[in-house]
Every structure is written in C-alpha cells, then in structure tokens.
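Encoded as structure tokens, the structure appears first; notes follow it.
Everything quoted here is computed from the prediction, not taken from an experiment. Throughout, protein chains are lettered first and strands after them, A, B, ... in sequence-line order, and every chain is numbered starting at 1.
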2 protein chains.
Amino acid sequence: MKADSTPCAFPASKRESGDERRIAVASAARQIIVEKGLEGLRTRDIAARVGINIATLHYHVPTKEALVALVAESIRHDFRTQAMRHPRVGKTGLEQLHMEFDDFRETTREMPELIIILTELVERARRDATVAEIVLPMHRFWRGQFVDIFRLGVADGSFRPDLDPEAGAMIATGALSDCWRRPDTSPSMIEQALAELERAFIRKS
Amino acid sequence: MKADSTPCAFPASKRESGDERRIAVASAARQIIVEKGLEGLRTRDIAARVGINIATLHYHVPTKEALVALVAESIRHDFRTQAMRHPRVGKTGLEQLHMEFDDFRETTREMPELIIILTELVERARRDATVAEIVLPMHRFWRGQFVDIFRLGVADGSFRPDLDPEAGAMIATGALSDCWRRPDTSPSMIEQALAELERAFIRKS
DNA sequence: ACCTCAATCAATCAAATGATTGAGTAGACA
DNA sequence: TGTCTACTCAATCATTTGATTGATTGAGGT
C-alpha cells in the first residue's frame, strides 16, 4: 500500500489518486447499471459521469470485463458491510430471524439499488466465471446466515422441530430476493411476506 | 391495402409462410438468449441460425424491439400451454398444491430454458414497457394460482387458518422461481424446498 | 532546477451491429 | 401472358463501442 497520510478526500487538485478514481468509476458504473442494466453499460457513459477521458478510464480499469468485476467487488463490499453491522451472539433463533428481517428492511430502504445490481450480476454469473466467483459466494453467505438461524431456532425451540434449516433458508432467501427484485412490490406486501415467513417457520404453541 | 378474406393458414409453398418464419425466428432467438443472454442477442446470429438473410429477418420482424416482444409473446404462449394442462376443479387445497408442485417439477425437467428466458425478460421489463406488459401479467397469473389454492386450502382445512394467501403466494412463487433460476440448485434441493414449503403452510393436526 | 512517473487527454482505430436499399424470385390470378 | 404480391438476398450504410496511441501535465523526490 501507498504511504498515504490521509486517504480521505482532499479538496481535489486536478488529479485524483488511483484508488479514488476506481471507487468513483465503480460508483458511476453502478448508477448506470441501475438505470440501463448491465446490458446498457458503456465505458463512455461511465467516463462521462466520472468526468474523465475514456483513455483515463482504461488506464485505471484496463478492460470492460475488469470493470464488471470491479462492480462486483464493490457490491460485495457493501454487502459485507451491511451483513456485519449487527452482532447476533446470544440471541434466540427467533430473535435472530427478526434481526435478519430488520436488516432486510433497512437494506431495501437505504440501498434499494444493491439488489438490482446484484440480480444483474447473478444473471451474468451464468456466463461469466469471474463474476460468478465473486457473486455466488455472497448468496451462499446470505443463505448460510439463515441456515444457522434456523438450526439454532430448532434447537432452542423457537421454530418447528420438523423445520429443515437448509430448505427453510432457500425459501427465505428466495422469497426475499424475489420480492426485493420485483418493482411492483409495495412495502406493505413486504411486511406481509415477512410476517408470513415467520408464521411458516415458528413453532405453534 | 389488403383485401383480407381469410387471414388464416394457406398450405405452405416452397417458401415458408410469414408465420412459420416468425416462429422459427422466435425459436432461434430463444436459443441464443439461453446461450448468451438477452445482452448477447444479435440479429445476425438469429438470421444465421434460421438460415436466412439479415434483410429477410427485418422483413418479418421489423426492429429488434419487436423481436424481443416476439420472444416475450412466444414465452407467454408456452407458459399458458403449460399452465392450462391440468384442470384443478374439485380438488382440495392441498391436492391442488401438489399438482402445482408437479407442474413445477415437470417444467423444470422439460423446459428448463423457459425460466431462464423469463428471468431475462423480467429483468428487461424494468426498463422496457412493451416487454413489461407481456411478462408481468404472466407472473401475476402464476402468483394468482397460488393465491387461489391457499384461499381454498384455508377454507377446506388443508392449510393453517392463519395463512395469508397473498403472502403465501409471494413466498411460494418467490422461492420456486429463485431455486429455478440458480444454476447451483440440485434436483434434490428442489425436493427439499418443496417439502418444506408444504410443511410451512399445512395445518398441523 | 531537473528527473521520474502516475495520471490525463485528444484523436483515432477496428470491429460489431442494427438497419436500409435495390434488385431480384416464385407462386397466384386475371 | 402479364402483373401483382409475398418473400428473399447481396451489398452497404451509419452508428456505436471497446480499445489504443502518442503526447502532455504536474506533484514529489533529488
């Protein structure tokens, strides 16, 4: 790493450091993907939005493939940050499920574009091994969180004894990502779905 | 101007009739979408696969936008055919759910490409109103099937009395389409998910 | 002052790509 | 036979688009 004293934003001189540029490029690319899809992502548009020349863009991110990988990394970073915010130790399965649901609500509210881009990347992962290597582990991690929660909750009596943690996690992540993805899902429908998911897995007294 | 007496099928001469060409074009386009995604769909590739000139392709399908719409229509046709196969009258909610699951298994087995293309189209529907008008109703129909089943099943005692049919349908369609979409879902995992979905909604004795 | 090098840009290339043009070809029908 | 219509193709256009080249700039180090 560079011996940079302050990594933070200097009142920009004409030039920016490479890392900052790459971050700016990733951010611009993400905006464009939200607007026009991965399909509509053009290097020129990114350069224009960042305010640099196409050649400069290629200087920092050599190829378009690398650019898509950069976006994938960027999404992974946000995803990690989001996932690690709330420690879950010492809670019951049901409490942890509620926390997971809260995280979900928070993400839909504060970073709705995250899942849009993620969906596009998952789609591409079917054909692009580089993207697949970055994106698929993210989904596995998310699902794994649910597996752990369900396993714990079955043990502590929060959930049905016959709940299959793996299958439950598939259903939960599948249902959530699907409602998240669709543009025609209202917030109240998300609440309905979350409530129903809870009833689906909880142990009836 | 056309003097249309019978718009319908003449016996095919040496040349293919317009309708047959359009069907062939749609079929070729679907293959290419499966292989390379909507993003990788090129008019030239379609023409080559059908065995016609690019200009001929444009004669039958004037623009690429119309081509995508054609594919969407084609998918809708297959989807309808698939959905209407098995009449469900006079069955209990649980029986109908099982039939819906069987349909799902059958479709994953016999037309795995259907959901791949559908996913691509849903993705594009976010930006393309023409595609949205064709594709979104399909999903609403599918979800509606589940709503009906759950409503019936709650009434006839198959399912939990506190099951919210709308929310249950969201969860079911979301979970199914998500497992279907992911390439890393094995058949046995699908069976696990289906079994868990049943336990999630069924009334415990 | 001088050197070095990361960062930047204007200009341009080569390929891809959606679309068009204009010239046909064959079957139907008068 | 001649004409009309549906259909087909080779050739080409006009853009778009990812990438490259070669020159320039300026901050940091000596």
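For D:dT8, the OP1/OP2 oxygens have a side-chain nitrogen or oxygen of B:Arg21 closer than 4.0 Å. Considering only side-chain N and O atoms, B:Asn53 lies nowhere under 4.0 angstrom from the phosphate OP1 or OP2 of D:dT8. Distances shorter than 4.0 Å separate none of the side-chain N or O atoms of A:Thr43 from OP1 or OP2 on D:dT17.
Residues B:Leu41 and B:Leu38 form a side-chain contact, since some pair of their non-hydrogen atoms from C-beta on lies under 4.5 Å apart. You'll find the side chain of A:Asp164 reaches within 4.5 Å of the side chain of B:Arg199, heavy atoms only.
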query = Do B:Glu166 and B:Arg151 pass the salt bridge (charged side-chain N to carboxylate O under 4.0 Å, His left out) test, and can you show the C-alpha distance, the side-chain angles, and the key distance before you say yes or no?
reply = CA-CA 9 Å; B:Glu166 308 277 348; B:Arg151 201 165 276 154; 3.1 Å; yes
request  = Could you go through the salt bridge (charged side-chain N to carboxylate O under 4.0 Å, His left out) check for B:Lys36 and B:Glu39 one step at a time?
outcome  = CA-CA 7 Å; B:Lys36 309 187 192 174; B:Glu39 182 183 356; over 6 Å; no
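A salt bridge links B:Arg181 with A:Asp178: the closest approach of a Lys/Arg side-chain nitrogen to an acidic carboxylate oxygen falls below 4.0 angstrom.
For the pair A:Ile54 and B:Ile54, nearest-nucleotide mapping onto DNA chain D gives the more 5' position to B:Ile54.
In this structure, B:Leu57 places its CG atom 9 Å from P of C:dA19, rounding to the nearest Å. Distance B:Tyr59 OH to C:dG24 P: 19 Å, rounded to the nearest Å. Rounded to whole Å, the distance from CG on A:Leu41 to P on D:dA19 is 11 Å. C:dC13 atom P lies 17 Å from atom NE2 of A:His58, rounded to whole Å. The NE2 atom of A:His60 sits 16 Å away from the P atom of D:dT20 (whole-angstrom rounding). Atom CD1 of A:Ile46 is separated from atom P of D:dT17 by 12 Å (rounded to the nearest Å). Remark: P of C:dT17 and CD of B:Glu39 are 11 Å apart, rounded to the nearest angstrom. The NZ-P distance, from B:Lys64 to C:dG18, rounds to 4 Å in whole Å.
Nearest nucleotide to the side chain of B:Arg42, out of D:dT8, C:dT21, C:dA16: C:dA16. With distances taken from any side-chain atom of B:Ala55 to the nucleotides C:dC9, D:dA10, D:dA19, the minimum falls on D:dA10. Of the candidates C:dA19, C:dT21, D:dT20, the closest approach to any side-chain atom of B:Thr63 belongs to C:dA19.
Judged by distance alone with a 3.5 Å cut-off, a donor-acceptor contact links the side chain of B:Arg44 to the base of C:dG18.
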